[in-house]
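The structure under discussion appears below in the form of structure tokens.
Letters A, B, ... are given to chains in the order of the sequence lines, protein chains preceding strands, and every chain is numbered from 1. Just so you know, these numbers use all the heavy atoms, side chains as well, and skip hydrogens, waters and symmetry mates. Predicted, not measured: the structure shown is a model, and the values here were computed from it.
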Amino acid sequence: EPEVTQTPSHQVTQMGQEVILRCVPISNHLYFYWYRQILGQKVEFLVSFYNNEISEKSEIFDDQFSVERPDGSNFTLKIRSTKLEDSAMYFCASSPRVPGYYEQYFGPGTRLTVT
Amino acid sequence: GENVEQHPSTLSVQEGDSAVIKCTYSDSASNYFPWYKQELGKRPQLIIDIRSNVGEKKDQRIAVTLNKTAKHFSLHITETQPEDSAVYFCAANPGYSSASKIIFGSGTRLSIRP
């Protein structure tokens with residue numbers, strides 16, 4: 001069964017550095033999402049992406065964040081200048097463009113540690 | 001704004017007993033209600049979902065009920081087993097698009113006592 005993949009599994013970075021988290025959505029999916037989960041807390045929506053543009057973003061997704069689909073397979077989340085509070089698990093998800101189909105498929109996550 | 005409340009935050013049940021987790025949602029347009037199981041350090045895994053045109057859905061030992069009028073939905077796990085121990089999240093979509101975000105509840109840590 002196809003799966004969403006994410007790299008790296010764990011990223012350690014220093015405060016103020018830029019990080020890029022990478023995701024490969026399921027190949028025939030057209031909607032892409034990023035969520036984050038601070039340790040011990042709930043999963044929070046960051047951004048959704050369709051047709052090469054952001055569909056919706058949350059309050060968390062400020063100017064320090066950006067997303068990109070640089071080629072036909074990858075979907076990236078960039079944090080320009082990391083802060084301690086960006087430490088979290090970041091999950092990518094994808095969904096097919098089928099009317100009435102709601103399920104989102106989650107990747108295994110990237111654990112980001114900002115020191 | 002959109003919100004999903006979940007109770008209890010922790011739940012401990014004897015193996016073989018039933019567990020019930022309850023959620024409420026704020027957006028009356030929500031029409032998709034998934035439940036996720038998350039083991040430590042792993043991704044949320046969809047275990048069951050329900051659409052707004054259905055009041056109840058069952059899959060083996062897991063069932064979900066939905067009361068649209070009250071904006072409540074619940075997860076029922078019967079004959080609990082040790083492998084059911086995990087954090088469970090309810091969720092809802094805001095309903096304006098099938099591609100919309102999912103709003104998660106705060107999670108319930110379920111422990112099964114042997």
Side-chain angles (χ1 to χ4, degrees), chain A residues 1 3-7 9-10 23 25-26 29-51 53-61 67 88-113, chain B residues 1-10 21 23-25 27 29-54 57 59 64 66 73 86-109:
Chain A
E1 188 177 337
E3 286 192 336
V4 176
T5 59
Q6 289 185 243
T7 54
S9 57
H10 191 190
C23 167
I26 294 173
H29 286 189
L30 297 176
Y31 291 104
F32 314 118
Y33 311 83
W34 284 101
Y35 293 83
R36 81 168 186 191
Q37 185 178 32
I38 295 170
L39 186 64
Q41 298 187 24
K42 67 179 177 182
V43 179
E44 299 175 289
F45 168 77
L46 291 178
V47 65
S48 59
F49 190 86
Y50 169 70
N51 201 23
E53 61 182 26
I54 290 174
S55 303
E56 187 174 6
K57 58 184 180 180
S58 71
E59 294 172 352
I60 303 167
F61 195 88
V67 289
M89 185 76 106
Y90 288 80
F91 293 103
C92 172
S94 70
S95 183
R97 186 173 183 268
V98 176
Y101 190 93
Y102 300 91
E103 183 175 348
Q104 295 181 16
Y105 294 77
F106 282 80
T110 293
R111 179 168 299 284
L112 177 65
T113 302
Chain B
E2 305 118 353
N3 193 36
V4 176
E5 299 283 341
Q6 182 171 350
H7 301 280
S9 56
T10 60
I21 301 170
C23 292
T24 59
Y25 60 98
D27 187 346
S30 295
N31 55 9
Y32 174 63
F33 306 92
W35 286 87
Y36 293 90
K37 176 183 180 182
Q38 188 179 37
E39 296 174 345
L40 191 62
K42 300 289 181 66
R43 77 187 85 191
Q45 280 199 302
L46 179 71
I47 55 171
I48 195 167
D49 57 20
I50 192 167
R51 308 282 178 94
S52 59
N53 58 348
V54 175
K57 184 176 176 181
D59 182 5
V64 58
L66 171 64
F73 58 117
V87 179
Y88 290 81
F89 291 96
C90 63
N93 76 334
Y96 42 79
S97 164
S98 61
S100 64
K101 62 191 175 189
I102 290 174
I103 306 295
F104 284 76
S106 53
T108 296
R109 182 173 300 280

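Residues Gln37(A) and Phe89(B) meet the side-chain proximity criterion, which asks for heavy atoms closer than 4.5 Å. Taking 4.5 Å as the limit, some side-chain heavy atom of Glu3(A) sits within range of a side-chain heavy atom of Arg43(B).
In this structure, CG on Asp49(B) lies 6.5 Å from CD on Glu103(A), to the nearest 0.5 angstrom.
Annotation: maximal heavy-atom pairing with chain A below 4.5 Å, among Gly105(B), Pro34(B), Gly107(B), occurs at Gly105(B).
Looking at Tyr105(A), neither its backbone nor its side chain comes within 4.5 Å of chain B, counting heavy atoms on both sides. Of the two parts of Arg109(B), neither the backbone nor the side chain holds a non-hydrogen atom closer than 4.5 Å to a non-hydrogen atom of chain A. For chain A, the nearby part of Leu46(B) is the side chain; its heavy atoms alone come within less than 4.5 Å. For Gln38(B), the part lying near chain A is the side chain, with the backbone staying farther off; criterion is any non-hydrogen pair under 4.5 Å.
Considering only residues two or more places apart in sequence or on other chains, Tyr25(B) meets the side-chain hydrogen bond (donor to acceptor under 3.5 Å, both in side chains) condition with none of them.
Shown here for Phe106(A) and Pro44(B), the closest heavy-atom pair between the two residues is CB-O, 4.0 Å.
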Without placing hydrogens or testing angles, list every side-chain donor-acceptor pair under 3.5 Å for residues 38-47 of chain A, not counting sequence neighbours.
from	atom 1	to	atom 2	distance (Å)
Glu44(A)	OE1	Arg36(A)	NE	3.2

